[in-house]
> 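Can you keep this structure in mind? I'll have questions shortly.
Keep in mind that what you see is a predicted model, and the values were worked out from it rather than measured. Below, chains carry the letters A, B, ... as their sequence lines are ordered, and counting in each starts from 1.
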Protein chains: 2
Amino acid sequence: MAQRRPTLPPALTRGHDHHQCVHDALVEAERLCAGRDVRLTELRKRVLELIWASHAPVGAYAIMDLLRGEGRNAMPPTVYRALDFLLEQRLIHRIASLNAYIGCTHPGDRHAMQYLICKTCGTVAEIDNPAIDEAIAVTTGGLGFAPDSQTLEVSGICRDCRDAAR
Amino acid sequence: MAQRRPTLPPALTRGHDHHQCVHDALVEAERLCAGRDVRLTELRKRVLELIWASHAPVGAYAIMDLLRGEGRNAMPPTVYRALDFLLEQRLIHRIASLNAYIGCTHPGDRHAMQYLICKTCGTVAEIDNPAIDEAIAVTTGGLGFAPDSQTLEVSGICRDCRDAAR
DNA sequence: CACATATTTGTTATATTATAACACTGTTGA
DNA sequence: TCAACAGTGTTATAATATAACAAATATGTG
Ligand SMILES: [Zn+2]
Ligand SMILES: [Zn+2]
Ligand SMILES: [Zn+2]
Ligand SMILES: [Zn+2]
């Protein structure tokens with residue numbers, strides 16, 4: 001059963017152990033891929049790790065530059081194929097309003113995409129509020145619309161940045 | 001006071017009088033621009049009209065081609081500047097997941113963007129469900145996140161297309 | 001009206017994001 | 001060993017968007 005109550009996203013927890021975030025994400029990715037019998041190759045794993053470098057989303061060309069900095073001769077298709085794999089396996093998400101990619105904080109669970117995007121620090125927090133899903137379900141149900149995917153992108157300023165500003 | 005109850009969006013009303021949609025949108029645009037003391041020039045008005053040609057969103061380059069078909073020598077900046085104006089005046093919205101633009105069905109009211117996007121017919125219905133806004137406000141409030149804009153893009157199949165499929 | 005000013009549009013060039021097509025390499029399992 | 005397939009490399013190009021500057025048009029003022 002999925003978490004049914006909004007929890008504080010790690011991204012919005014000042015001074016959290018981010019090394020742990022990355023580690024957990026990679027371990028979970030390995031586990032999920034093994035269970036699904038798909039291959040998390042070195043390239044795919046490295047791209048996932050680069051995306052997890054922070055809680056701010058990363059563009060495809062930024063990833064390409066990072067790979068090149070490591071001596072890999074990465075061209076766009078190399079990056080986009082790795083991204084496509086990670087998206088298909090739902091290990092990352094694409095933030096449409098930013099054309100950028102971010103690690104999923106609860107892969108394995110199929111879920112709607114809901115983000116809080118801080119315009120100041122760039123941090124994106126994935127949230128999971130069932131009340132939002134339910135409100136959407138009421139509307140779509142009333143209109144006979146059958147949803148199959150959705151993204152909610154809320155742009156604003158996170159608490160840390162607001163605190164810092166005053 | 002804004003409409004406080006979900007209503008059936010014109011976009012999802014089969015056989016509605018779309019000519020009336022376009023007419024109303026243009027009249028309302030004229031009125032709003034006059035009130036704001038900004039200029040809805042011929043170009044801007046024509047771009048708005050082209051966007052309102054249907055309830056499916058239109059890409060910037062498609063608009064450019066339409067303008068060229070009318071003898072205007074439109075280059076990308078011409079189109080993007082008109083789009084920027086219409087976006088600023090909130091007469092149109094940009095659908096981030098489609099890189100495309102659609103006429104706003106209730107300009108004048110400041111509102112969050114909430115769309116139902118039919119993958120089959122391409123129709124985008126703008127909805128206005130206060131319960132969604134409230135659910136989002138609860139989460140953002142709890143996290144100390146100050147939202148200033150948001151977009152909800154629900155992709156799926158509309159009732160008409162589902163009916164047609166069976 | 002003549003003129004200064006500001007806004008809008010035109011034009012050229014380029015940036016950014018993403019995909020198509022085909023070749024090569026490595027893995028897997030007869 | 002070999003066939004089949006999955007993954008990656010390589011080249012080229014498509015699709016979306018912006019920068020910079022010039023020309024035209026509208027607006028206000030004397
Ligand atoms: Zn972290
Ligand atoms: Zn996720
Ligand atoms: Zn209509
Ligand atoms: Zn609207």
> Please state how far atom CG in A:Leu40 lies from atom P in D:dA6, giving the value in whole angstrom units.
17 Å
> Counting just side-chain N and O atoms, does A:Arg94 come under 4.0 Å of either OP1 or OP2 of C:dT17?
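No, outside the criterion.
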> Check this for me: does any side-chain nitrogen of one of A:Lys45 and A:Glu42 sit under 4.0 Å from a carboxylate oxygen of the other?
no
> Check the distance between D:dG7's P and A:Lys45's NZ and give it to me in whole angstrom.
16 Å
> Closest nucleotide of DNA chain C for B:Glu42 versus for A:Tyr101: which of these residues is on the 5' side?
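Comparing both residues, the 5'-ward one is B:Glu42.
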> Counting just side-chain N and O atoms, does B:Arg39 come under 4.0 Å of either OP1 or OP2 of D:dA26?
no
> Could you tabulate the donor-acceptor pairs under 3.5 Å formed by side-chain atoms of residues 143-161 of chain B, not counting sequence neighbours?
from: B:Asp148; atom 1: OD2; to: A:Lys119; atom 2: NZ; distance (Å): 2.3
from: B:Gln150; atom 1: NE2; to: B:Asp133; atom 2: OD1; distance (Å): 3.4
from: B:Thr151; atom 1: OG1; to: B:Glu153; atom 2: OE2; distance (Å): 2.9
from: B:Glu153; atom 1: OE1; to: B:Ser97; atom 2: N; distance (Å): 2.9
from: B:Glu153; atom 1: OE1; to: B:Ser97; atom 2: OG; distance (Å): 2.4
from: B:Glu153; atom 1: OE2; to: B:Ala96; atom 2: N; distance (Å): 3.1
from: B:Asp160; atom 1: OD1; to: B:Arg14; atom 2: NH2; distance (Å): 3.4

> What is the separation between atom CG on A:Asn99 and atom P on D:dT18, rounded to the nearest whole Å?
10 Å
> Give the rounded distance in Å between these two atoms: CG of A:Asp37 and C1' of D:dA6.
12 Å
> For B:Cys104, which of B:Met113, B:Gln89, B:His93 qualifies under side-chain contact (heavy atoms from CB on, under 4.5 Å)?
B:His93
> Would one find more than 12 heavy atoms of other residues, nucleotides or ligands at under 6.0 Å from atom NE2 of A:His23?
no
> How long is the span from the CG atom in A:Leu83 to the CG atom in A:Leu48, to the nearest 0.5 Å?
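Atom-to-atom, A:Leu83:CG and A:Leu48:CG are 10.0 Å apart.
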> In whole angstrom, give the distance that lies between atom CD1 of A:Ile95 and atom P of C:dT17.
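Rounded to whole Å, this separation is 14 Å.
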> Near DNA chain C, counting only heavy atoms under 4.0 Å, which residues of residues 58-88 of chain B show up?
B:Asn73, B:Met75, B:Pro77, B:Thr78, B:Arg81
> When hydrophobic residues are tied together by side-chain contacts of less than 4.5 Å, even through go-betweens, does B:Val47 share a cluster with B:Leu32?
yes
> Can you tell which of C:dA18, C:dT8, D:dT16 lies closest to the side chain of B:Arg44?
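Closest nucleotide among those given: C:dT8.
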